[in-house]
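Structure record follows, encoded as structure tokens.
A note on names: the letters A, B, ... follow the listed sequences, proteins ahead of strands, and every chain is numbered from 1.
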Amino acid sequence: MPTLHIINKAPDHPRFPACLRALAEDDTLVLIENAVMALVFESLPLPPCYALRADVNARALSESSVTGVKMIGYAGLVVLTETHQRVMNW
Amino acid sequence: MPTLHIINKAPDHPRFPACLRALAEDDTLVLIENAVMALVFESLPLPPCYALRADVNARALSESSVTGVKMIGYAGLVVLTETHQRVMNW
Amino acid sequence: MTRSPALSYTLVISGAPYTSQAPQSALAFAKALISGGHKLDRVFLYGDGVYLASSLVTPPSDEVNWTQLWSEFLMQTRTPAVACIASALRRGILDSAEQTRYEQPASNIAEPFEMAGLGDWVEATMTSSRILYFLPTD
Amino acid sequence: MTRSPALSYTLVISGAPYTSQAPQSALAFAKALISGGHKLDRVFLYGDGVYLASSLVTPPSDEVNWTQLWSEFLMQTRTPAVACIASALRRGILDSAEQTRYEQPASNIAEPFEMAGLGDWVEATMTSSRILYFLPTD
Amino acid sequence: MHTLIVIDRLPYGDWHGREALDMAFSLAAFDRPVTLLFRGAGVNWLRPGQSADQLSQKSVERNLSAATIFGVSALLADKAALRQYRLSSDQLSQSASETDLTPAFYKQFDAVVVL
Amino acid sequence: MHTLIVIDRLPYGDWHGREALDMAFSLAAFDRPVTLLFRGAGVNWLRPGQSADQLSQKSVERNLSAATIFGVSALLADKAALRQYRLSSDQLSQSASETDLTPAFYKQFDAVVVL
């Protein structure tokens, strides 16, 4: 059963790598709040994931199109919680 | 003029390596609160420094004698602030 | 696209206003889940999240008042909202019952938040379809 | 060992009780500096540190009440203590003047803390021999 | 429904871990299955000989020793983190067992909570 | 006495940076020399094109653009961090200049403050 992982921590926070190590093949990762900085953080390779648009725009990252990262809104985040019975917040 | 650096962040906090990089030859480093964990943290080599005894004892590290680390109490911390005109809190 | 049947959510907020984005992210999510046709069972404030329930927050006129926005939303949607009593008391958020019990000079819990214990959270884990945690920034 | 002449200190606390050790570390340091023959000019609460000045904190009987311990220490030593007004208002810590000004139902600032602006901190940087910052844990 | 409560912060620096423990104990009090995981810096909660009176705090060691008595199913420790903090599993208080934190590990639990 | 105010956290996730900025502006208002340093994740405060209305926050870019007008001597950016966050110095808003953060760098200032 796929898990939805929602992380709000900056990529240099110790919990960020712990989250990446917990991702199974069929899991889904969403970056919210400070976590969206991972889109431009050299030291941490990012798997395919979603990023919350409001947080991306605030931090001026919308031009940083990264292969495999899809922008979503809060409505899109709700839809992801519909399709995943297990949700882990990091 | 030597600087007294007082850090309270855990060794896995991004500010810890930033603090170590800012240490000049003649500066003094004091670990307080969560920073005392650096006494046993493999991934970060620690220069000679002081550690606050109350925090070391709480976290059960008193047996972890580390070469170059001296234990001090709050009175000792005051003395260090007497002998250093510049104090940086991290 | 077939949308799933209506789900029920509990949102736990454990980050404080200003010190985190938890109140803001949680409110945007709460509004979106309701627009999405789902039910918001309850909002549970835990740890530093209880600061959101302080009736005395007075931000500058050009800043948002998260306590007020949440109060309005909870009352409009008739959503039960709980501040964990142990977290609240330690952080200086009291309702009139606790004010009286502990002989404190005032109470400061915002409407419509009520004090309750972790039992409410345990019940949420058993009854809501989804439970999300809006956490501190660090 | 020759001790240095008496110095004057300002302590800034920007971490909250429970969420950090700042109030505890700062109090232990404050007591030690006074025992060491130095002067404590003032204590300045900034950011989340203002939560220390909440008169409504009600910890369990087997836990320490940092607000009370600090109040007692400040009054015993006649140390001026300031909560930064901008930080305090936003976080729901009010004195009676602000309660009146903003028509709030109560005030909750603990004795002997007073509200003031960052100007007090700027002055401290110019007049105290040493200024130390007791910070959040993260 | 089996819940995993995760503690990944150091003891004594803040209240998050104690509040996570309260969640675990509440689940146990209501007879809900719950396991405690100490991950990353959190493994240091299991270090024996903690003496926190000088910080005016109660030792978390004491809180933890009641865990299994009160119904927490197991205490688990992140194996990699034990190495990182120079802790060997025979040193651990509270009869915690070490575990590897693979994706499959987390999948065993219906809910995972960290503060 | 020249003070260095350091911001090393991301914008928008918390209020520390804004409160550090208030300190810098207060020093400037009292004609005290002050320099702002953006270190580590803090370099992202200098990214142009921030649009924070959807977070119900004011853009910190606007706050910063007033810095030198109000008397802050200089805005400096941690060179290594700029690389780490894929920012080039010509991209930076606010005419910030990049700097290496050696021990000698900090010694230039009489006081260094970070929240």
(Q) With side-chain contact (heavy atoms from CB on, under 4.5 Å) as the criterion, how do B:Leu61 and E:Arg47 come out once you've worked through the C-alpha distance, each side chain's angles and the decisive distance to 0.1 Å? (A) CA-CA 8 Å; B:Leu61 299 177; E:Arg47 222 173 255 280; 3.6 Å; yes
Q) Should E:Leu55 and B:Arg59 be marked as a side-chain contact (heavy atoms from CB on, under 4.5 Å) after you check the CA-CA gap, both sets of side-chain angles, and the distance that decides it? A) CA-CA 11 Å; E:Leu55 304 186; B:Arg59 294 160 182 75; 3.9 Å; yes
Q. How far apart are the C-alpha atoms of E:Tyr85 and B:Leu39, what are their side-chain angles, what is the distance that settles it, and do they pass the side-chain contact (heavy atoms from CB on, under 4.5 Å) test?
A. CA-CA 9 Å; E:Tyr85 287 93; B:Leu39 266 56; over 6 Å; no
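Residue E:Ser59 does not touch chain B at all, counting heavy-atom pairs closer than 4.5 Å. Contacts between B:Asn8 and chain E at a heavy-atom distance below 4.5 Å are absent for every atom of the residue.
Taking a 6.0 Å sphere around CD of E:Gln108, one finds it holds more than 12 heavy atoms contributed by other residues, nucleotides or ligands. Other residues, nucleotides and ligands contribute at most 12 non-hydrogen atoms within 6.0 Å of the NZ atom of E:Lys79. Annotation for E:Gln91: atom CD counts as buried by contact number, over 12 foreign heavy atoms lying within 6.0 Å.
Contact tally against chain E (heavy-atom pairs below 4.5 Å) for B:Met37, B:Arg53, B:Glu33: the top residue is B:Met37.
If you run side chain to side chain contact (heavy atoms under 4.5 Å, CB included) between E:Gln54 and each of B:Val56, B:Asn57, B:Asp55, B:Leu52, only B:Asn57 comes through.
A salt bridge is absent between B:Glu42 and E:Arg83: the closest approach of a Lys/Arg side-chain nitrogen to an acidic carboxylate oxygen does not fall below 4.0 angstrom.
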